[in-house]
Trainee: 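One structure coming up, written as C-alpha cells, with questions to follow.
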Amino acid sequence: MEYPFSSIEKKWQDFWDEHQSFKAENKSDKPKFFVLVEFPYPSGQGLHVGHPRSYTALDSVARMKRMQGFNVLFPMGWDAYGLPTENFAIKNHIHPRIVTERNVANFKRQLKSIGFSFDWSREINTTDPSYYKWTQWIFLKLFEKGLAYKKEMPINWCTVCKCGLANEEVVNGVCERCGGEVVQKNKNQWMLKITAYADRLIDDLDTIDFLEKIKTQQKNWIGKSTGAEVKFALDGVDDSLTVFTTRPDTLFGATYMVISPEHPMLEKYADKITNIDAVNTYRREAAKKSEFERTELVHDKTGVKLEGISGINPVNGNKLPIFVSDYVLMTYGTGAIMAVPAHDTRDWDFAKKFDLPIIEVVAGGENVQEAAYTDVANGTMINSGMLDGLSCQEAIKTIIAWLEEKGLGKEKVNFKLRDWVFSRQRYWGEPIPIVHCPKCGQVPVPYDQLPLTLPDIEDFEPDEDGGSPLNRATEWINTTCPACGGAAQRETDTMPQWAGSSWYFLRYTDPHNDEALASPEALNYWMPVDWYNGGMEHTTLHLLYSRFWHKFLYDVGVVPGPEPYQKRTSHGMILGENNEKMSKSRGNVVNPDEMVETYGADSLRAYELFIGAFDQTTPWKMDGIKGCHNFLKRVWNMLELVTPGEGYGALETSFHKAIKKVGEDLDKTKFNTAIATLMALSNEIYKQGSITKDALATFIMLLNPVAPHITEEMWQRLSLPGVLSSTPWPVYDEAKTVDDVIEIAVTINGKVRGKISVPQDISKEDLEAMALANESVKPFLEGKTLKKIIAIPGKIVNIVVQ
RNA sequence: GCCCGAGUGGCGGAAUAGGCAGACGCCUGGGACUUAAAAUCCCAUGUCGGCAACGGCGUACCGGUUCAAGUCCGGUCUCGGGCACCA
C-alpha cells in the first residue's frame, strides 16, 4: 500500500489553517501551558535542518499537552532586526524592509510545510512599528528609572561592522558576527544598568527549573566574588590607594602593588612620579594594544615601577613599591591590586620577572619560591602576626573585622558583569526615543508619540568614523524639544538586536494590543512561560538580558512575576554528514525543503527527534531519515492489519507500557526513546500479524505529536470520531504495565548461567529455590560450596560459590 | 589555567536510587515473494575460539569498593563546550 505523504500533508496543513486548529484562547477552564521556542532571525539562506530540531521537539510537547487537556499557547514570530539583513541591503541596494519581508515569507512557508502547530494569529515581528513601539516604551521606562544612561567610555569597536559591541558579542577578540578585528574606542554610548540586577540574576536561579549547566554558565558570566577593599596609605603624597582583593587573609604577604595603566592616580600625581616619562611611554603602548592582545600574552608580564611614590601595608607598615602593568584592568575592582606573589599565580609570574620578594603566609603548599600556592580551603596562616595559626577562612573574617574597626577597609562584592552597551551605530534597528536639546539635555520622546518610526533612507552605510547612517536623515533628526519646544535633534543610535528579543514572549500573550505591551489579564493568565527551549549559544546573552528586562518590568508593575521562564532546556546542534558544523562554505547544508519533498514532513519530524539525545550535538545522516520514513510506511500499512475485536488483546501490557513511556519521555526531552518505544511496539504488532481498531487508534494517538499528518489521516480512514488532534490523550493503568510472568537472570559469581520464568510477584524464597533447581544452573554448582544467595525479586538472582 | 559535559559495536545511539551491556534505527550478509528488478516481509549481525552445544573477552586507561560496576570512589588520558591576567 502506497504511503502518499505529499497529498496527506498538504491536506491536513490546509485543514489546520482553515479551522485555526491551534488558536489559543486567553480565557479557558483548562489549565494553561505556555510553550516557547526561540523565534528565528529570518536570514536569506532560509532554514537548514538544524532549526526544526527545537521546533519539532516543542511542537510534539505542545500537541501532547493539548490532548492532555491543557490550553496551550505555542506561538512564533520573527527577530528581524540585525546586521546580515542590513549588510545584504547595502550590497544589493535594496531596503532592509523589503529583504526582511522576503525572508520572512520564505521562513513561514518552510515552517508551515513541516506542520508545526503554531498559533499563527499571534505572529509577531520585531521590526513592525506596532511591536517596537513597546520596545521603545520599555526603554523609556528604563530611562525614567535611571537604568538607561549615556556615557563616554571605551567600548569594543568592530572595525568591519563599524559598530559598537557588547562584551558578550566579542569572542576571542573578534566580532562574534563577522569575525572582524575588535579594538577599543572611546564613544558616547547608551548603557543599560544590568549590574544593578546582578545579585537577583544569580539568586533567583534557585527558584526556576533551568538545566544545571545553564545556571552555572549564567553564574560564571555574572562572576560574583566576595572579598575586601583595603586602603593603602601612600608614601610621598598625602593620599591613599584602595585595592580589591578576594584574599585579605594574605595581606601580610603583599610585597608590592600594581595599578592599571588607566588608573587616575597617574594623572593626579604625574609631578610626583620622577620617572613619569617612562611610565607614560608604557601607558601609550598599553593603549595601543587591543583588549585581546592584552589578554593573549598572559604569561609575558610587563610593567614599570613608579619612582617617587610607594604604598604602605596597613598591617605591618612595610613600604611597597607600586608598578603600573596592563595585567591589572581598570574596569574591574578599583583598578589597583596588592600583589601577593606567594599565593597568586599572576603576581608570582610578575614577581619572578621583576625579582620581587615572595613571602609565604599560608602554610600547606610546596616551596612558594617554586610556584604559587593558591588553595584557600587548606592552609594555615604563618608569618602573619595576629592571624598566625588561623585557617584562611577564619583569617579572612578576622582581618576584615580588624580593617573595618580601623577604618582601613571593608567587605566588598565585585562582579565581572558590566553594564550593557545598548547603542548601535546602524540603521536596521529600533530608534532610541530620545531628543537632545541644547537647553534641556536628554529629553524622552513622550509616550503618546510612540512609536518613533525609523525613517526611510537610501544609503545604509555607516560613516567612516562610525556614526549612525541615521545622521544623514536630516529631516528626521531635526525636531523640537518635547520639553521646551526649542530646536533639538534626535538620537541617531539604534538599539541592538537583543532589544526586541528581550521581551517578545510577553507580546505573544496579547499581540494586537494598542494600549499596552500586553494587557495585565493576558499576562496574569499566561506568564510565566512554562517551557522554553533554545540553543546553548544564547545562555549568556539573550537569556540574561531577557531575565534582566523581565525583573525590571516586574519592579515597575508590568508583569506578574520576577522570572520569565519557569523551565529552560537546550538542544544540541545538528552537524553536517561530515561531522562538521553546517555552513554554506563547507557545502554540507541540508535543506529541509528537500527532505519534506523526498520523505515528507512527518519523516523529517520523526528523524529530527530520533537523531539522538536531545541535548547532544549529532551529525545528520541521510540513511537515518530513510529509516524513520520506513517506520512511517510500516505504520501506514497497519491499516491493512486491522481485524475485528476490541481492546488491546494480547498486546495489553505492551500498550499500557508504551502509553506510560511515551508520555513520560516527551515530558523529559527523551524524544528519541519515545520513538524507539513506538518502533518496538510496531514490531510487536507486525509479529502478531494483526491489530484491533482500538489498539491502532491508541497507537496513532501516541504517534500524533511526532507525526501529526499521517496519524490524522489514518484516524479519518479508520472512521474514528472527530479530529485526532483534539482527542484526549490515552490513559494507562499502572497495574497493567507489569507483565504477569517475567524472566529473571540467574548468575553464578556474577556470570549469567541461566534464565528462569517466574510469576511477577514471586517470593524471595521461591525465587531462590527455582534458581537452584534450574537445569542450566545446576552443572555450575556441582562440587562447589554454596556461600551465599542474593535473590532480588523482579531483578536478579546471584549465587556465590567457591 | 579554571568551570561544566562526554568517552559504550562498522555507524547514530539505549540502559545510571548498582542488578541479563548493546533497546531502537542504520549499514552489512542471507532468505521469501517476483520471469527479473523495485517495494515489502522474515532471519542473522559486539568480538575472539569452536562444525556446534558452548566458552573466553568486552562500556577510553589504571586501581579500588561490592555478591554484583557502563553506572559508585581515587587517579590518568582524549574529545566537546563555556570562561579566561576579573585580583
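So you know, we letter chains A, B, ... as the sequences are listed, proteins then strands, and number each from 1. Just so you know, these numbers use all the heavy atoms, side chains as well, and skip hydrogens, waters and symmetry mates.
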Trainee: Would Tyr332(A) and Ser225(A) count as having a side-chain donor-acceptor pair, cut-off 3.5 Å?
Mentor: yes
Trainee: If each of Phe780(A) and Tyr332(A) is mapped to the nucleotide of RNA chain B with the nearest heavy atom, which maps nearer the 5' terminus, i.e. the 5' end?
Mentor: Phe780(A)
Trainee: With a 4.0 Å limit, can you tell me whether Thr617(A) has a side-chain N or O closer than that to the phosphate oxygens OP1/OP2 of rG81(B)?
Mentor: no
Trainee: From the set rC11(B), rG56(B), rC20(B), return the single nucleotide nearest to any side-chain atom of Lys621(A).
Mentor: rC11(B)
Trainee: Does the structure show a Watson-Crick or G-U wobble partner for rA17(B), both distances under 3.5 Å? Name it, or say none.
Mentor: none
Trainee: Name the orientation of the base relative to the sugar in rG81(B): syn if the glycosidic angle is within 90° of 0, else anti.
Mentor: anti
Trainee: Within the 4.0 Å heavy-atom criterion, would you say Glu212(A) contacts the bases, only the backbone, or no part of the nucleic acid?
Mentor: nothing
Trainee: Side-chain donor or acceptor of Lys301(A) under 3.5 Å from a matching atom on the base of rC85(B)?
Mentor: yes
Trainee: Go through rA87(B), rC20(B), rC42(B) for me and flag the one nearest to the Ala745(A) side chain.
Mentor: rC20(B)
Trainee: Using a cut-off of 4.0 Å on non-hydrogen atoms, how would the nucleic acid contact of Ala339(A) be classed: base, sugar-phosphate, or nothing?
Mentor: nothing
Trainee: When we call it a touch if two heavy atoms are under 4.0 Å apart, what does Phe323(A) touch: a base, just sugar-phosphate, or nothing?
Mentor: nothing
Trainee: Please determine whether a side-chain nitrogen of the Lys or Arg among Glu775(A) and Lys778(A) lies less than 4.0 Å from a carboxylate oxygen of the Asp or Glu.
Mentor: yes
Trainee: Specify the closest pair of heavy atoms between Thr242(A) and Thr334(A), including all atoms of both residues, with the distance to one decimal.
Mentor: O-OG1, 2.7 Å
Trainee: Please evaluate the base of rC20(B) for a donor-acceptor partner in the side chain of Lys755(A) within a cut-off of under 3.5 Å?
Mentor: yes
Trainee: May I ask you to decide if Pro357(A)'s main-chain N or O and Thr255(A)'s side chain share a donor-acceptor pair within less than 3.5 Å?
Mentor: yes
Trainee: Look through every strand shown and name the nucleotide pairing with rG9(B) as Watson-Crick or G-U wobble, where both distances are under 3.5 Å.
Mentor: none
Trainee: Between the side chains of Asp347(A) and Tyr327(A), is a donor N or O closer than 3.5 angstrom to an acceptor N or O?
Mentor: yes
Trainee: Which base sits across from rU59(B) as a Watson-Crick or G-U pair, both distances under 3.5 Å?
Mentor: none
Trainee: For rG25(B), does either OP1 or OP2 sit under 4.0 Å from a side-chain N or O belonging to Asn683(A)?
Mentor: yes
Trainee: At 4.0 Å (heavy atoms only), tell me whether Lys219(A) reaches a base, stays on the sugar-phosphate, or touches nothing.
Mentor: nothing
Trainee: rC26(B) base to Asp623(A) side chain: any donor-acceptor pair below 3.5 Å?
Mentor: no
Trainee: Is the phosphate of rA15(B), meaning OP1 or OP2, less than 4.0 Å from a side-chain N or O of Lys670(A)?
Mentor: yes
Trainee: With P as the reference atom in both, quote the distance from rA15(B) to rC72(B) in angstrom, rounded to an integer.
Mentor: 14 Å
Trainee: Examine rC24(B): is either OP1 or OP2 under 4.0 Å from a nitrogen or oxygen in the side chain of Thr673(A)? Give yes or no.
Mentor: no
Trainee: Given rA14(B), is OP1 or OP2 found less than 4.0 Å from the side-chain N or O atoms of Asn672(A)?
Mentor: yes
Trainee: Among rG13(B), rG25(B), rG19(B), which nucleotide has an atom closest to any side-chain atom of Phe610(A)?
Mentor: rG25(B)
Trainee: Is the distance from OP1 or OP2 of rG55(B) to the nearest side-chain N or O of Arg753(A) less than 4.0 Å?
Mentor: yes
